[in-house]
Amino acid sequence: MTTTPDDSAWWLVVPVKRLEHAKSRLHPALAGDLRRELARAFALDTLTAVLATPEVERVVLVSSEPTVVDRLAGDSRVRVVPDPGAGLRAAIGAGLGVIDRPVHRGVLLGDLPGLRAGDLSVGLRQAGSVRRAFVPDAEGTGTTLLAAVVGEELAPRFGSGSARAHERVGHVSLDDAPRRLRRDVDAPGDLEDVVRLGVGTHTAHVLAGLATDDVR
């Protein structure tokens with residue numbers, strides 16, 4: 001049986017690594033368990049926004065982190081793929097490898113706690129207007145979203161300087177994508193910036209707890 005392309009549906013791969021290895025640069029003053037709480041909150045807020053985005057038909061969650069997987073495993077729109085444990089590129093490859101339909105495909109990083117469904121909708125519509133695209137991070141050097149329309153291959157080059165690397169292999173930079181789609185969080189200044197933009201409920205809850213502890 002021949003499967004016909006769906007010209008509107010997107011499948012997004014979202015890699016989330018084990019939290020004991022997450023966000024080591026976020027804040028040296030934060031204990032490891034607090035960094036893990038924030039990393040988990042970032043991932044859950046990102047995934048909440050993705051699942052509320054009408055253009056997204058399916059999410060491929062590549063993760064072996066039980067505190068994230070267990071929260072999403074009951075959602076029929078989410079397919080969980082175990083993280084092969086060989087780095088980000090291997091995780092992305094594992095996720096892309098299970099997409100067996102001719103749909104638009106994308107890779108979205110899981111550290112966008114300010115993301116809203118409307119922001120992602122705009123970004124996906126922009127990406128759908130070209131063959132292959134990427135959304136640069138707020139600093140313009142990294143990548144938060146990599147996308148390709150039906151029939152086009154993604155060429156993931158995540159890592160240091162990924163924006164330039166993705167542009168070199170033919171992905172169009174979406175420089176006017178919504179700011180919340182560009183604001184990933186790796187360093188303390190990033191967190192301060194995204195708090196000003198507004199964060200999702202999971203991140204807000206963790207930050208409220210930290211603020212309470214500071215008062216004490």
Side-chain angles (χ1 to χ4, degrees), residues 12-28 30 32-53 56 59-69 71-72 78 80-81 83 85 87-92 94-95 106-117 119-120 123-124 134-147 156-163 165-166 174 177-207 210:
L12 293 188
V13 173
V14 181
V16 177
K17 64 182 177 181
R18 291 295 293 261
L19 297 185
E20 60 262 31
H21 307 303
K23 301 303 170 189
S24 59
R25 294 191 293 123
L26 185 56
H27 201 305
L30 289 180
D33 57 340
L34 292 177
R35 286 198 301 271
R36 288 192 291 272
E37 282 188 42
L38 278 172
R40 176 178 180 271
F42 294 169
L44 291 176
D45 283 332
T46 302
L47 289 160
T48 297
V50 173
L51 289 167
T53 303
V56 178
V59 175
V60 181
L61 173 61
V62 185
S63 184
S64 296
E65 173 51 54
T67 65
V68 174
V69 170
R71 289 290 299 268
L72 279 297
V78 179
V80 177
V81 175
D83 188 340
L88 180 57
R89 289 195 187 185
I92 291 169
V107 177
L108 183 74
L109 297 191
D111 59 351
L112 299 163
L115 187 64
R116 302 291 187 269
D119 305 314
L120 184 55
L124 292 176
F134 73 96
V135 173
D137 65 11
E139 288 71 35
T141 57
T143 303
T144 60
L145 172 68
L146 189 70
R157 297 292 188 274
F158 286 93
S160 179
S162 66
H166 284 135
L174 301 177
R179 187 177 174 190
R180 285 187 290 259
L181 180 55
R182 301 183 62 179
R183 181 66 280 167
D184 58 348
V185 178
D186 288 313
D190 304 341
L191 183 57
E192 293 170 5
D193 190 28
V194 80
V195 167
R196 287 191 290 268
L197 291 173
V199 295
T201 57
H202 297 92
T203 302
H205 177 75
V206 175
L207 293 176
L210 292 176

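What you see below is based on every heavy atom in this structure, not just the backbone, and it leaves out hydrogens, waters and symmetry mates.
Of the residues Leu115, Val107, Leu124, the one that meets the side chain to side chain contact (heavy atoms under 4.5 Å, CB included) test with Leu145 is Leu124. Only one option out of Leu47, Val80, Val14 pairs with Val68 in a side chain to side chain contact (heavy atoms under 4.5 Å, CB included); it is Leu47.
Residues His166 and Phe158 bring their aromatic ring centres within 6.0 Å.
At least one side-chain heavy atom of Thr201 sits under 4.5 Å from a side-chain heavy atom of Asp45. Considering only heavy atoms from C-beta on, Asp83 stays 4.5 Å or farther from Arg18 through its side chain. Using a 4.5 Å heavy-atom cutoff, the side chains of Thr141 and Pro136 are not in contact. Side chains of Thr203 and Val195 form no contact here, defined as non-hydrogen atoms less than 4.5 Å apart. At a threshold of 4.5 Å between non-hydrogen side-chain atoms, the residues Arg157 and Arg89 count as touching. Under the 4.5 Å side-chain criterion, counting only non-hydrogen atoms from C-beta, Leu191 is in contact with Phe42. Looking at heavy atoms from C-beta onward, Leu72 lies in side-chain contact with Leu44 at the 4.5 angstrom threshold. Counting only heavy atoms from C-beta outward, the side chains of Asp190 and Asp137 never approach each other to under 4.5 Å.
Arg179 has a carboxylate O that lies under 4.0 Å from a charged side-chain N of Asp193, or vice versa, which qualifies the two as a salt bridge.
Put simply, OG1 on Thr48 and CZ on Arg116 are 10.5 Å apart, with the number rounded to the nearest 0.5 Å. Between the CD atom of Glu65 and the CZ atom of Arg71 there is a distance of 12.5 Å, given to the nearest 0.5 Å. Here the CG atom belonging to Leu120 is positioned 12.0 Å from the CZ atom belonging to Arg180, to the nearest 0.5 angstrom. For the atom pair CD1 (Ile92) and CG (Leu108), the distance works out to 10.5 Å, reported to the nearest 0.5 Å.
A distance-only check finds a donor-acceptor pair linking the side chain of Ser162 to the backbone of Thr143 [under 3.5 Å]. Judged purely by atom type and a 3.5 angstrom limit, Thr46 uses its side chain to pair as donor or acceptor with the backbone of Leu112.
Under the side chain to side chain donor-acceptor pair (under 3.5 Å) criterion, Arg40 pairs with no residue at all, not counting sequence neighbours. Residues that satisfy the side-chain contact (heavy atoms from CB on, under 4.5 Å) test with Ala138, not counting sequence neighbours, are Arg183.
The two residues Leu109 and Pro15 come nearest to each other via the heavy atoms CD2-CG, 4.2 Å.
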